[in-house]
Amino acid sequence: LLHIGLRVGGGGAKAARIIAEQAPGGAFTYLRTLGVEPELHGRGVGSRLVDQVVRTAPAGVPIYLETAKEQNLGFYARHGFQCLGELRCLDVPVWRLLRPARVARAEERA
């Protein structure tokens with residue numbers, strides 16, 4: 001904390017607490033951060049990253065994320081995420097999104 005200062009560190013801790021309090025109950029896969037270089041936007045890179053998370057997340061477990069960019073909501077909706085609501089975190093709007101759990105394939109159940 002010395003290199004960022006107590007005030008900034010305290011704000012980060014408060015933000016983490018606010019967000020954690022809003023997480024869904026039960027088990028879930030948390031998609032923490034997803035970013036694509038602006039010059040690569042619109043080329044399917046982000047979609048491939050999300051698809052990889054969806055394919056590798058345990059069956060029967062939903063995927064949860066937050067985004068502070070309203071323009072991301074359509075992108076995530078196209079990938080099956082549903083908006084659980086909006087919260088304010090340090091005066092910034094944050095949307096909570098959940099993708100329902102995928103059903104296990106036959107070879108996973110065997």
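Everything numeric here is computed off the predicted structure, so don't read it as measured data.
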Sort out for me which residue in Leu49, Ile63, Val54 forms a side chain to side chain contact (heavy atoms under 4.5 Å, CB included) with Leu31.
Ile63

Going by heavy atoms in the side chains, are [X] and [Y] under 4.5 Å from each other?
X: Leu73; Y: Thr67; answer: yes
X: Tyr76; Y: Leu34; answer: yes
X: Pro62; Y: Arg99; answer: no
X: Trp95; Y: Asn72; answer: no

Atom of Ala57, atom of Arg102 and distance for their closest heavy-atom approach
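Ala57 and Arg102 have their closest heavy atoms at O-NH2, 2.9 Å.
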
For Leu65 and Phe81, what are the C-alpha separation, side-chain angles and deciding distance, and is it a side chain to side chain contact (heavy atoms under 4.5 Å, CB included)?
CA-CA 9 Å; Leu65 64 88; Phe81 286 85; 3.6 Å; yes

Look at the side-chain heavy atoms of Ile, Leu, Val, Met, Phe, Trp and Tyr, link any pair under 4.5 Å apart, and say whether [X] and [Y] land in one connected group.
X: Val94; Y: Leu84; answer: no
X: Tyr64; Y: Phe75; answer: no
X: Val61; Y: Leu97; answer: no

Donor-acceptor contacts under 3.5 Å from residues 15-27 side chains, at least two apart:
none

The complete set of side-chain hydrogen bond (donor to acceptor under 3.5 Å, both in side chains) pairs with one or both residues in residues 28-49, sequence neighbours excluded, reads Tyr30-Glu66, Ser47-His79

